[in-house]
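Note that this is a predicted model, so its numbers are computed, not measured. Throughout, protein chains are lettered first and strands after them, A, B, ... in sequence-line order, and every chain is numbered starting at 1.
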Number of protein chains: 2
Amino acid sequence: MATINDVCKLAGVSKATVSRVINRTGQVKESTRKVVFDAMEQLNFKPNSLAQALASNSSNSIGLIVSTFHGNYFGALLKQAAMLAEQAGKQLLVTDGHNDPLLEIEAVDSLVARRCDVIVLYSRHMSEQDFIALKQRISIPIVMINRQLQDKSCYAVCFDQLHATQLAVNQLLDMNHKQIACITSPLDSPTGLLRLQGYQDCIAQHHIPTNPALIAEGGNTIESGYQACQKILLTGAPFSALFACNDNMAIGAMKALTEAGLKIPDDISVISIDNEAASAFLTPPLSTVELPIEAITDSAIKTALALADGQKVQAGTKEFRGKLIVRDSTAYLRKK
Amino acid sequence: MATINDVCKLAGVSKATVSRVINRTGQVKESTRKVVFDAMEQLNFKPNSLAQALASNSSNSIGLIVSTFHGNYFGALLKQAAMLAEQAGKQLLVTDGHNDPLLEIEAVDSLVARRCDVIVLYSRHMSEQDFIALKQRISIPIVMINRQLQDKSCYAVCFDQLHATQLAVNQLLDMNHKQIACITSPLDSPTGLLRLQGYQDCIAQHHIPTNPALIAEGGNTIESGYQACQKILLTGAPFSALFACNDNMAIGAMKALTEAGLKIPDDISVISIDNEAASAFLTPPLSTVELPIEAITDSAIKTALALADGQKVQAGTKEFRGKLIVRDSTAYLRKK
DNA sequence: CTGAAAGCGCTTACAG
DNA sequence: CTGAAAGCGCTTACAG
């Protein structure tokens, strides 16, 4: 692979000059620019970005850690992030955090070793304490996605989980449902806990006692929603509506309900959170809460870009709100 | 950020020695190893992988270009690739090719600039000619996913598209369907063309004339499947079965059929290709062909790893076959 | 077992 | 407008 020295020889100029034409920096006479350019073409020369990064002390890249590569949710996030990074002329280095706080830290370290200009971390499980420690340890700015942080000196963006949950559950309550089942997200994560809490708060505000038989923990997958719903059905506890903490679990639950001979929404109303692409095309179409995944990604990446650029950025957590989308899986409770 | 020189000073040894303990290479007395190790700990030193790559002339990374970050399909591929790369102790550099041959070439060049040890390219649109030219131009080994290449000196893995299509369409034919509609993938890609051809071949083999009114081009999305199906319905041409070239389009089509008052599978059988996670949970569950996405990724990455390692690898295209999964969206044609 | 020195492929003051 | 030289943070023969 041709190096800058090969170009120098062929063009008969110094490395400094070649560097200037590569980077369009400083003054270069048009005629010598052309000579250098032709030499680069002829040798099929591509500057080694590792060497550039080392010499200029800037890798011109932003590191992104996602919880998992799986699913439409992170697909949308990655797509948006890649687009913004490209627009800004930055490399995007993407890493899989494997949904595990320890592996997330490893992922961050690998990004640190590659000297990213800034790191964006989407974490479901890392404790705030660990995050702060991490932030102190590395000397690269880091922005967190998906978490409401107490520490106001951190950069973070997240969804208003309680609000999203309220939108969903209140919709059921407004339709006169009293006996509302809930399939939760994994309860070892802050998001899972917040959504469960939101559900419980809404129920409590309407002076409805919580019924543990109507709550089952899921794993965010279709299959887990199916199983959790079967578990609730098995208790025999009556309910007229179901709130699933994400669309995938709602899809699984709808299957379990249908198999149990229940009609949606005639017998059971179903609502959830996410607005996956498939949700509008289910039978019946799923009522859900859309989360502004593009907007949150935008905010995180733009903050990161500004930080990488050395700009002063307002610290703290920015919160984004979801939007209720009512479709045909929810209906008013019929008087019996 | 601490450098190797800081560690040298603190530990009172030379760079060579520090390098040896970092890389566990050569002999180092246990006592000095410990001194160096402690110094690294104390300084929170992480070797700069850019400098390592430059000095050792190996970036220890494999570059991967996907057609798009969107969707479960590439999510599964990325997840698998990330796992294998990690196991092998390699960095995985992922880039978005934006489903466009020109941007794919740009993506490859950016990976070349980063001096990946090997590149894996998933391309839907790049012509074989362009690929060969690309391969010649860069001096890094490259393996192609998703394409059957004529040139036997290239490394490639792909699905047997004709076979997958036959599995689906023959299932319909075996169930006595004669009038079979088809929603194609985009016809500007080899995969789209192959699947259409497979459909046409099967029909022809059963001496059934092709009816252009029963064929509509889709865009691989749910929405496009919905629209394509409406278009077919509008022609008024009778059909008892529908083959959609992927699950997403089948989901959209099922919606359109249901809205038109048709029952699946009583009035219309539906089958497709992909076996998305949601497909088993639709009403009715979707018959489809599962493609071994993990296996193909495995093969591509392992080939890449061997190439990066300088091993001799058998060139040519490896082909993988899908598996028919019959569920309830298909039924025997009822005699009328 | 350890160190001095050259080198990886660039960038960037500094001088002219 | 251009070049010589130092330096980025490492690795790797080579010598001892």
Please answer whether the main-chain N or O of Arg124(B) pairs with a side-chain N or O of Ser189(B) as donor and acceptor at a distance below 3.5 Å.
no

Without swapping roles, check the side chain of Asn48(B) against the backbone of Thr3(B) for a donor-acceptor pair under 3.5 Å.
no

If you measure from the Lys or Arg side-chain nitrogens to the Asp or Glu carboxylate oxygens, is any gap between Lys90(B) and Asp117(B) under 4.0 Å?
yes

State whether the number of non-hydrogen atoms from other residues, nucleotides or ligands found under 6.0 Å of Lys318(A) atom NZ is greater than 12.
no

Describe the nucleic acid contact of Ser49(A) in one word from base, sugar-phosphate, nothing, applying a heavy-atom distance below 4.0 Å.
nothing

According to the Watson-Crick and G-U wobble definitions, with both distances under 3.5 Å, which nucleotide is paired to dA4(D)?
none

Spell out, as yes or no, whether a donor-acceptor pair under 3.5 Å connects the side chain of Glu128(B) to the backbone of Asp151(B).
yes

In the structure shown, which nucleotide is the Watson-Crick or G-U wobble counterpart of dA13(D), with both distances under 3.5 Å?
none

Does a side-chain N or O of Thr17(A) approach OP1 or OP2 of dG3(D) to a distance below 4.0 Å, or not?
yes

Counting N and O atoms only, with roles assigned by atom type, does the side chain of Thr303(B) sit under 3.5 Å from a partner on the main chain of Ser299(B), one being a donor and the other an acceptor?
yes

Any chance you could list the contact pattern along nucleotides 8-16 of chain D? Use B for base contacts, S for sugar-phosphate-only contacts and - for none, protein heavy atoms under 4.0 Å, 5' to 3'.
BBBSBB---

